[in-house]
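In what follows, every heavy atom counts, from backbone to side chain, and hydrogens, waters and symmetry copies are set aside. So that the names make sense, note that chain A is the first sequence line, chain B the second, and so on, each numbered from 1. These numbers were taken from a predicted model, which means no experiment stands behind them.
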Amino acid sequence: MKRRLRAVYRRLHAAHGPQHWWPGDTVFEIMAGAVLTQNTAWTNVEKAIANLKRAKALSPGSIARATHRELAGWLKPSGYFNIKAKRLRAFCVWLLAQGGARRLARWSTPKLREALLSVHGIGPETADDILLYAFQRPVFVIDAYTRRLFGRLGVVRGDEPYEVLRGEIEKRLGADVPLFNEYHALIVAHAKDVCRPKPRCGHCALGSLCPSRSESWLLQIHKSADRNPRGN
DNA sequence: ACCCAGGGTCATA
DNA sequence: TATGACCATGGG
């Protein structure tokens with residue numbers, strides 16, 4: 001099964017190329033983006049981050065000091081702005097209390113993960129985004145796309161609890177930060193560019209690895225594919 | 001006029 | 001432990 005995971009990775013990488021994740025100029029921008037992109041299109045997050053930059057507020061101190069109305073106003077384009085204002089502030093307050101990211105970088109991965117999860121508004125996926133993309137820890141991020149893709153490929157069932165799924169994938173791939181970084185980004189890229197026919201494989205980026213290739217069914221990993229089941 | 005996005009929290013059962 | 005409601009903008 002480890003080979004299969006590697007094969008899928010190679011197909012995605014060949015089709016989409018390096019993704020250069022996480023987008024962001026600083027470690028803090030990466031962490032803030034991880035909170036703001038919760039159930040939200042990245043294009044909307046970019047607008048919110050641009051607002052923060054324009055207001056010179058893209059720092060833990062500025063955000064912690066800002067009023068709720070001010071902060072929510074900057075975050076408006078990213079949606080859920082009232083909730084995200086609270087979450088981002090809670091994260092910044094916590095970050096300042098810990099003495100900043102430089103200090104946190106010395107923590108062990110399990111301890112850092114547990115600490116992140118204790119912050120209001122930081123769930124498993126957001127914590128893992130931060131661990132992998134801001135702290136370069138070998139943590140495989142599990143999102144809805146990952147569940148559906150690996151589930152449909154038969155690598156896993158797909159309905160396992162988050163921790164179980166993460167543990168399985170990490171065990172099979174082996175701790176590898178650059179690989180985890182690229183893999184998760186490629187799965188998202190695959191979702192955006194939903195298996196459009198590529199010259200390379202004739203069907204979708206996964207080519208012969210797609211379980212439904214014979215029906216020329218494109219291996220979608222969006223929710224909508226759940227309602228039009230066509231693959232196995 | 002739908003559908004849904006690089007989720008998480010909280011209240012119920 | 002496992003559902004369901006809720007949060008909200010913007011692009012297809």
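Atom C1' of nucleotide dA5(B) and atom CZ of Arg148(A) are separated by 10 Å, given to the nearest angstrom.
Both key distances under 3.5 Å define a Watson-Crick or G-U pair, and stretches of 3 or more such consecutive pairs in DNA chain B run B:2-5 with C:9-12, B:7-13 with C:1-7.
Residues satisfying the salt bridge (Lys or Arg N to Asp or Glu O under 4.0 Å) test with Glu170(A), not counting sequence neighbours, are Arg166(A). Checked against salt bridge (Lys or Arg N to Asp or Glu O under 4.0 Å), Lys171(A) has the following partners two or more places apart in sequence or in another chain: Glu168(A). Among residues two or more places apart in sequence or in another chain, the salt bridge (Lys or Arg N to Asp or Glu O under 4.0 Å) test is passed with Arg157(A) by Asp159(A).
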Only pairs under 3.5 Å count here: list side-chain donor-acceptor contacts from residues 56-69 of chain A, not counting sequence neighbours, and write none if there are none.
residue  : atom : partner  : partner atom : Å
Ser59(A) : OG   : Ser62(A) : N            : 3.2
Ser59(A) : OG   : Ser62(A) : OG           : 2.8
Thr67(A) : OG1  : Glu70(A) : N            : 3.1
His68(A) : NE2  : Asn82(A) : OD1          : 2.9

Atom pairs and distances, side-chain donor-acceptor, residues 134-145 of chain A, under 3.5 Å, sequence neighbours left out:
residue   : atom : partner   : partner atom : Å
Gln136(A) : NE2  : Tyr133(A) : O            : 3.4
Arg137(A) : NE   : Phe135(A) : O            : 3.3
Arg137(A) : NH1  : Trp107(A) : O            : 3.0
Arg137(A) : NH1  : Thr109(A) : OG1          : 2.9
Arg137(A) : NH2  : Ala105(A) : O            : 3.0
Arg137(A) : NH2  : Trp107(A) : O            : 3.0
Asp143(A) : OD1  : Tyr145(A) : N            : 3.4
Asp143(A) : OD1  : Thr146(A) : N            : 2.9
Asp143(A) : OD1  : Thr146(A) : OG1          : 2.5

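Contacts between residues 38-45 of chain A and DNA chain B, defined by a heavy-atom separation below 4.0 Å, involve Gln38(A), Asn39(A), Thr40(A), Ala41(A), Trp42(A), listed by number. Scanning residues 18-35 of chain A for heavy-atom distances under 4.0 Å to DNA chain B yields Trp21(A), Trp22(A). Using a 4.0 Å cutoff on non-hydrogen atoms, no part of residues 112-143 of chain A comes near DNA chain C. Near DNA chain C, defined here as any heavy-atom distance below 4.0 Å, the residues from residues 77-94 of chain A are Pro77(A), Gly79(A), Tyr80(A), Phe81(A), Asn82(A), Ile83(A), listed numerically.
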Write out a two-atom table: protein N or O, nucleotide N or O from nucleotides 11-13 of chain B, distance below 3.5 Å.
none

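For residues 78-98 of chain A, the pairs satisfying ring pair (Phe, Tyr, Trp, His ring centres under 6.0 Å) are Phe91(A)-Trp94(A), with sequence neighbours left out.
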